[in-house]
Amino acid sequence: MPGSATLVRNPGRSARRKLVNGVFVFFCGVATLVALIALAAILVSLVGQGVGGLDANIFKLSTPAPGSVGGLANAIVGSIMLCALAMLIALVIGILAGTWLAEYGGDGWYARIIRFVNDVLLSAPSILIGLFVYVLLVAPFHGFSGYAGAVALGIIAIPVVTRTTEDVLKLQPTALRESGIALGAPVWTTIRKILWKASLGGIVTGGLLAFARISGETAPLLFTALNNQFFSWDMSRPMANLPVVIFNFALSAYDDSRRLAWVGAILITAAVLAAQIIARILIREPRR
Amino acid sequence: MTSIPIDSAIRKPPKGAALDPVFRFLCLAAATALLATLSGVIVALAIGGWPALAKFGLGFFTSTTWNPVTDIYGAEGPIVGTLVTSVLALALALPVAFGIAVFLVEFAPRAVRQPVAIAVQLLAGVPSIVYGMWGLFVFAPAFAKYVQLPLMMNAEPGSLLEKLTMGVPNGANILTASIILAIMILPYMAAVLRELFLTVPPQLRESAYGIGATPLEVTWQVLLPYIRRSAIGAVMLGLGRALGETMAVTFIIGNSHNLPKSLFDSGSTIASTIANEFNEASGLHQSALIALGLILFLITFAVLASARLLLSQQRAV
């Protein structure tokens with residue numbers, strides 16, 4: 001074997017391989033370090049700039065006019081309402097669609113198309129969803145509204161729920177389905193009372209991931225929910241929400257407004273990270 | 001023996017059986033809603049953008065005049081800006097993401113692996129507006145002061161460096177936008193690549209180590225070929241994210257509609273143009289912005305579709 005012979009007899013080549021490998025290992029370590037530093041820098045400035053402004057007024061007062069004292073109460077309540085309605089829409093449609101894909105659609109042509117469509121929607125630019133909802137709901141009714149914002153967020157959340165629902169349902173053993181049929185239960189009862197119950201953890205996880213995805217979304221809200229300087233429960237009117245307030249205030253020339261933008265950014269990031277961590281714990285549980 | 005009325009027990013349909021088709025129909029309707037949404041997006045963007053596309057024709061793609069005052073719109077600036085920032089971001093993020101994934105799978109001490117992997121995945125979920133704010137308030141000023149200004153000072157007149165570094169030294173330019181985009185898609189791509197590396201059967205890796213391959217050779221000649229197809233898919237997904245990203249870019253790209261002349265020139269992307277102007281736009285201006293949206297949709301659709309095609313073999317994402 002000439003190849004192995006040269007390999008053994010040629011100490012230079014072996015040394016070079018070791019050296020090149022060393023450079024590679026070094027590069028991988030440095031890459032990880034660089035990424036961790038960049039990401040740590042973001043979190044540090046987020047906490048450093050935002051935590052100082054986090055006081056009771058944030059939750060009690062509404063967004064101020066430039067130069068006066070204020071908080072984010074209207075934006076926080078607005079964001080919660082938008083996300084709640086969006087999640088309601090997404091859970092209903094997403095769970096049903098995921099169920100169809102897992103239980104009825106099989107591997108047929110229509111199911112394959114729906115799966116592809118879902119994948120595209122999953123990573124479609126969110127600003128385009130905002131444009132779509134603007135054309136669909138805002139322009140015809142001549143007004144920005146909380147409902148339009150919730151629909152836009154819902155459309156972004158649906159594919160996440162659909163995907164996780166389909167995935168967890170497919171993980172359920174066939175025996176579960178057979179047990180339902182053996183008891184003489186109709187298919188839809190079997191799905192509701194046995195399969196959905198068995199997959200509850202996974203479906204909740206999907207919901208949390210979807211929530212994490214939409215709670216920081218800004219672009220689709222710009223042309224749908226818009227913003228509202230005042231406190232409002234009325235979803236048929238423009239509605240304040242954290243992301244758009246952050247966007248407007250961050251670009252403002254006033255220090256007070258910028259400070260509020262950082263506080264808002266901290267609140268959103270905390271909500272997103274909390275949702276992701278809970279989802280993570282739920283995923284891990286069944287493995288015990 | 002009395003006969004058991006089996007017949008009637010069998011013939012009596014179970015409770016709620018009548019609703020079976022209704023439920024099935026509801027599920028089908030929900031699935032169809034997804035298809036309707038995607039088609040709706042295409043139709044809405046096409047109809048809304050049609051007036052501008054019909055008026056300017058091909059000129060919409062090749063002109064750099066974007067003037068709401070005279071109502072003349074050419075989108076070459078934003079289109080080129082979108083492609084340049086996304087490709088630059090991908091070029092910056094890919095090697096680093098690859099390095100992280102390999103480090104976590106092959107080299108990292110066991111105690112470090114899990115925490116770093118979790119940190120990377122959590123950070124993939126940080127809202128993009130946070131990246132944008134950090135870019136605007138922290139990164140751009142620092143970049144202008146410590147990188148851009150010294151480079152501009154030291155560039156010889158007429159040299160390539162001078163050409164590349166031309167611009168206003170405020171940190172809001174194509175390059176900083178690309179870097180922020182790169183940092184944003186980095187955790188996402190690293191997480192996906194890591195998962196792909198973990199799908200490689202351990203026997204392959206062990207046999208390569210067994211014949212004396214170095215980790216570099218194992219990675220390059222065994223792991224990468226095994227996941228190549230899906231890895232390209234993952235990269236395309238990252239590209240798709242960068243193309244459609246709005247907030248992180250809007251904060252920092254400088255928002256001018258010119259064709260960027262250098263790395264340090266301000267520019268715009270399709271998404272940032274829409275985000276900045278849509279609420280003040282009406283008539284033809286609005287139509288031009290929706291047409292921009294349609295172009296963005298077609299670009300990302302092509303990228304995502306090919307990504308999914310490549311990933312469909314290994315459904316790891």
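Order of the sequence lines fixes the chain letters, A, B, ..., with proteins taken first and strands second; residue numbering starts at 1 for each chain.
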May I ask you to name which of B/F301, B/F107, B/W220, B/F139 has the most heavy-atom pairs under 4.5 Å with chain A?
B/F107
Restricting to non-hydrogen atoms, name the atom on B/G125 and the atom on A/Q276 that form the minimum distance, rounded to 0.1 Å.
CA-NE2, 3.5 Å
Measuring from atom CZ of B/F23 to atom CZ of A/R192, what distance do you get when rounded to the nearest 0.5 angstrom?
7.5 Å
Please look at B/L304 and chain A and tell me whether the side chain, the backbone, both or neither of the residue comes under 4.5 angstrom of a heavy atom of that chain.
side chain
What pair of heavy atoms forms the shortest contact from B/M247 to A/A219, and how long is it?
SD-N, 3.9 Å
With chain A, which of B/V130, B/V96, B/L26, B/V41 has the greatest number of heavy-atom pairs at distances under 4.5 Å?
B/V41
Applying a strict 4.5 Å limit to non-hydrogen atoms, the region of B/L19 in contact with chain A is both
Heavy atoms of other groups near B/F25 CZ, more than 12 under 6.0 Å
no
Honestly, the part of B/T214 sitting under 4.5 Å from a heavy atom of chain A is both
Residue part contacting chain A, namely of B/F297, when any heavy atom lies under 4.5 Å:
both
Between B/D20 and A/V187, is there a donor-acceptor pair closer than 3.5 Å when you use the side chain of the first and the backbone of the second?
yes
Got B/Y131 and A/L39 here, is their nearest side-chain heavy-atom distance under 4.5 Å?
yes
Is B/L45 close to chain A through its backbone or its side chain, or both, or neither, when contacts mean heavy atoms under 4.5 Å?
side chain
Is A/S215 close to chain B through its backbone or its side chain, or both, or neither, when contacts mean heavy atoms under 4.5 Å?
neither
Using non-hydrogen atoms and a 4.5 Å limit, figure out which bit of B/F251 sits close to chain A: side chain, backbone, both or neither.
side chain
Heavy-atom distances under 4.5 Å only: say whether A/L33 touches chain B with side chain, backbone, both or neither.
neither
Note: vs chain A, highest number of non-hydrogen pairs under 4.5 angstrom among B/N279, B/V126, B/T246 is B/N279
Give, for atom CD1 of B/I274 and atom CG of A/L128, the distance between the pair rounded to the nearest 0.5 Å.
6.0 Å
Which atoms of B/E106 come close to chain A, meaning under 4.5 Å heavy atom to heavy atom: side chain ones, backbone ones, both, or neither?
neither
Go through the atoms of A/A139 and report whether side chain, backbone, both or neither lie under 4.5 Å from a heavy atom of chain B.
neither
